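Because the structure is a prediction, the values reported are computed rather than measured.
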Amino acid sequence: MLPQVVIIGRPNVGKSTLFNRLVGKKLALVDDQPGVTRDRRFGDVDLLGLKFQIVDTAGWEDEDAESLPGRMRQQTEAALVGAAAALFVIDSRAGLTPLDEEIARYLQRASVPIVVIANKAEGKAGDAGIFEAYSLGFGDPVALSAEHGEGVADLFEALLPILEPLQPEEDTFEALGEDEEKPLGPLQLAIVGRPNAGKSTLINQLLREDRLLTGPEAGITRDSIAIDWTWHDPKSGEDRLVKLIDTAGMRKRAKVVDKLERLAVADARHAVDFAEVVVLLLDATKGLEHQDLKIASHVIEEGRALIVAINKWDVAEDPSGLFNGIRHALDEGLAQVKGVPLVAVSARTGKGLDNLLNAAFETRDIWNKRVPTAALNRWFDDALGANPPPAPGGRRIKLRYITQTGTRPPRFVIFGSRLDDLPESYRRYLVNGLRRDLGFGAVPVRILLRSAKNPYAPK
């Protein structure tokens, strides 16, 4: 396991910019306004051969513990527990502030090695702030520009004596035999939905800890946060690996006017693109709304496997009528994938969460399913015999054979002639038959039509 290094500091000193610089990707949202980061975000770093896990945290603010900034501070304090080191970031151009000094007093009581980072030190504008940083009592500060990458070598030298004894041993891997299939990795499970549906609360309930910031305020989550977790399946008794991905709430596009919210929604959509199974979380007190169907359609268009979960089931009025009403509305609104799994859960009490995880793993198995070509073509011949393709203009459309070209989602190619004239209704007939007869359920299925080249066609 990699040693953890926590980034800590007041708002708007460049913590997320430093995080992105160290992981080598723009994972964390960055903006000029303070308080962008709210939840802890983790990333793996290989800094000149020094390997560690970096933790981005919310800006430290001196507010009441029950307020949103106060709860963000509690998340930051929790990140320091078990950390190998902390990077205390200050703004060298602004110099030390009373809040910086308060953070320093707190860190002096923590049993964690501290490295002071004087950020925004490009040029000479930050020289005064660098000298002021000596007064914090943590030794020589590291002058650094997270935005431009200056001073990263000095950071390496500061972390080396702390982290070198904690470096993991090199892993050795055995090569798979030719007949062995590569096992599936952790289930990439993204939780999406409208603001305040209970996405972060649901993940906290699964983890059985207050890992993510929650509260009555809508739109608390901004970054898409990925968390590695092991779920113990009560049915099989096995431990199964899951990567849980929390996302920002998605409102109607017309209501998203704030730049930061636009970035958060774009980050949520990006998380959907890299998930395997996506859980659309509904609020039982509000039912299914048009925005939910738009989110579901986006998930299906991206080829992800979809599950719909109704949260706050413990406070739902007329549960049976609500469930049946949502089931009917989903089948009407998502006609292209009828039968999407629908699960009732309560993020507050934990009711139904094992059923949700079982459905997610089963759906991923279907999403990864491959049908042998011989069995596929036997089904294809039966489908053509039961309902032959039309003959527009008196000329018959010939469908010769079908093959599966990929999974995740399942993709098929049909070869034949005059395929440009094949109506969309017949394509839907084939897709529905694949779902019904070959067990592809409600996962997205792609069919590509390919005609043989005509050797007499003009070049």
Checklist entry - How long is the gap from CD1 on I310 to CZ on R327, to the nearest 0.5 Å? => result 9.0 Å

Item to check | Spatial distance of atom CZ (R400) from atom OG (S417) [nearest 0.5 Å] | outcome: 4.5 Å

Next on the checklist: Salt bridge or not between R269 and D273? Use side-chain N to carboxylate O under 4.0 Å.
Outcome noted: no

Checklist entry - Just wondering, do F380 and I414 contact through their side chains at under 4.5 Å, heavy atoms? => result yes

Item to check | Residues R348 and D314 bridged, charged N to O under 4.0 Å | outcome: yes

Item to check | Heavy-atom closest contact (G287 atom, D292 atom, distance) | outcome: O-OD2, 3.7 Å

Next on the checklist: Surrounding CD of Q74 (heavy atoms of other residues, nucleotides or ligands, distance under 6.0 Å), is the total greater than 12?
Outcome noted: yes

Next on the checklist: On a heavy-atom basis, which atom in G49 and which in D46 lie closest, and how many Å separate them?
Outcome noted: N-OD1, 3.0 Å

Checklist entry - L263 versus K259: any side-chain heavy-atom pair under 4.5 Å? => result yes

Next on the checklist: Would you say CD of E317 has more than 12 non-hydrogen atoms from neighbouring residues, nucleotides or ligands within 6.0 angstrom?
Outcome noted: no

Checklist entry - Hey, is CZ on R446 packed in by over 12 heavy atoms from elsewhere, all under 6.0 Å? => result yes

Item to check | S224 OG to F274 CZ distance, which is reported to the nearest 0.5 Å | outcome: 11.5 Å

Item to check | Test applied, side-chain contact (heavy atoms from CB on, under 4.5 Å); reference residue, F412; option that passes from L434, L449, T405, L448 | outcome: L434

Checklist entry - So do T76 and L80 actually touch side chain to side chain, heavy atoms under 4.5 Å? => result no

Checklist outcome for this item: Taken to the nearest 0.5 Å, the spacing of R427 CZ from L419 CG works out to 9.0 Å

Next on the checklist: Please check: side-chain N/O of D331 versus main-chain N/O of G339, any donor-acceptor pairing under 3.5 Å?
Outcome noted: yes

Next on the checklist: Using 0.5 Å steps for rounding, measure from the CD1 atom of I245 to the CD atom of E276.
Outcome noted: 9.0 Å

Item to check | Heavy-atom donor-acceptor pair, Q205 side chain to A347 backbone, under 3.5 Å | outcome: yes

Checklist entry - Going by atom types only, do N368 and R408 share a side-chain donor-acceptor pair under 3.5 Å? => result yes

Checklist entry - So, does Q167 use its side chain to make a donor-acceptor pair with the main chain of K51 at under 3.5 Å? => result yes

Item to check | Salt-bridge present (D267, R41; N to O < 4.0 Å) | outcome: yes

Item to check | Over 12 non-hydrogen atoms of neighbours within 6.0 angstrom of CD in E147 | outcome: no

Item to check | Sidechain-backbone polar pair: Q291 side chain, M250 backbone, donor-acceptor under 3.5 Å | outcome: yes

Item to check | Test: K199 and D246 ion pair at under 4.0 Å | outcome: no

Next on the checklist: Please give me the minimum heavy-atom distance between N20 and A28, naming the atom from each residue.
Outcome noted: OD1-N, 2.9 Å

Item to check | Any donor-acceptor N/O pair, N311 side chain to A197 backbone, under 3.5 Å | outcome: yes

Checklist entry - Measuring from K312:NZ to T285:OG1, what's the distance to the nearest 0.5 Å? => result 5.0 Å

Next on the checklist: Take a 6.0 Å sphere around NE2 of H232 and say whether it holds more than 12 heavy atoms from other residues, nucleotides or ligands.
Outcome noted: yes

Item to check | Where A305 and V443 come nearest, the two heavy atoms and their spacing | outcome: CB-CG1, 4.3 Å

Next on the checklist: Under a 3.5 Å cutoff, is there a donor and acceptor pairing between the side chains of Q404 and R370?
Outcome noted: no

Checklist entry - Does the side chain of W231 come within less than 4.5 Å of N358's, by heavy atoms? => result yes

Next on the checklist: So does V343 get a backbone contact from the side chain of N355, meaning a donor-acceptor N/O pair under 3.5 Å?
Outcome noted: no

Checklist entry - side chain to side chain contact (heavy atoms under 4.5 Å, CB included) between L430 and I447: does it pass, once the steps are laid out? => result CA-CA 9 Å; L430 294 174; I447 287 184; 4.1 Å; yes

Checklist entry - Within the side chain of D223, is there an N or O that forms a donor-acceptor pair under 3.5 Å with the backbone of I225? => result no

Checklist entry - Closest heavy-atom contact between A153 and L48? => result CA-CD1, 4.5 Å

Item to check | Smallest separation among heavy atoms of T403 and F415, with atom names | outcome: CG2-CE1, 3.9 Å

Checklist entry - Does the side chain of R251 reach to within under 4.5 Å of the side chain of P195, using non-hydrogen atoms? => result yes

Checklist entry - Taking T221 for the side chain and T247 for the main chain, is one N or O donor matched with an acceptor at less than 3.5 Å? => result no

Checklist entry - Between D154 and L144, does a side chain to side chain contact (heavy atoms under 4.5 Å, CB included) hold up when you go through it step by step? => result CA-CA 8 Å; D154 296 330; L144 187 142; over 6 Å; no

Checklist entry - Are any side-chain N or O atoms of N432 and backbone N or O atoms of Y429, one a donor and one an acceptor, separated by less than 3.5 Å? => result no

Item to check | Donor-acceptor pair, side chain of R435 and main chain of G441, under 3.5 angstrom | outcome: yes

Next on the checklist: Tell me whether the rings of W313 and F323 are parallel (<30°), tilted (30 to 60°) or perpendicular (>60°).
Outcome noted: perpendicular

Next on the checklist: What verdict does the side chain to side chain contact (heavy atoms under 4.5 Å, CB included) test give for W229 and I203, after you've listed the backbone C-alpha separation in whole Å, the side-chain angles of each residue and the deciding distance to 0.1 Å?
Outcome noted: CA-CA 10 Å; W229 175 59; I203 292 180; over 6 Å; no

Checklist entry - Going by heavy atoms in the side chains, are S200 and I220 under 4.5 Å from each other? => result no

Item to check | Audit row: R304, V272, side chain to side chain contact (heavy atoms under 4.5 Å, CB included) steps and yes/no | outcome: CA-CA 8 Å; R304 307 302 99 181; V272 167; 4.0 Å; yes

Checklist entry - Going by heavy atoms in the side chains, are L357 and L189 under 4.5 Å from each other? => result yes

Item to check | Side chains of V5 and I162 in contact at under 4.5 Å (non-hydrogen atoms) | outcome: no

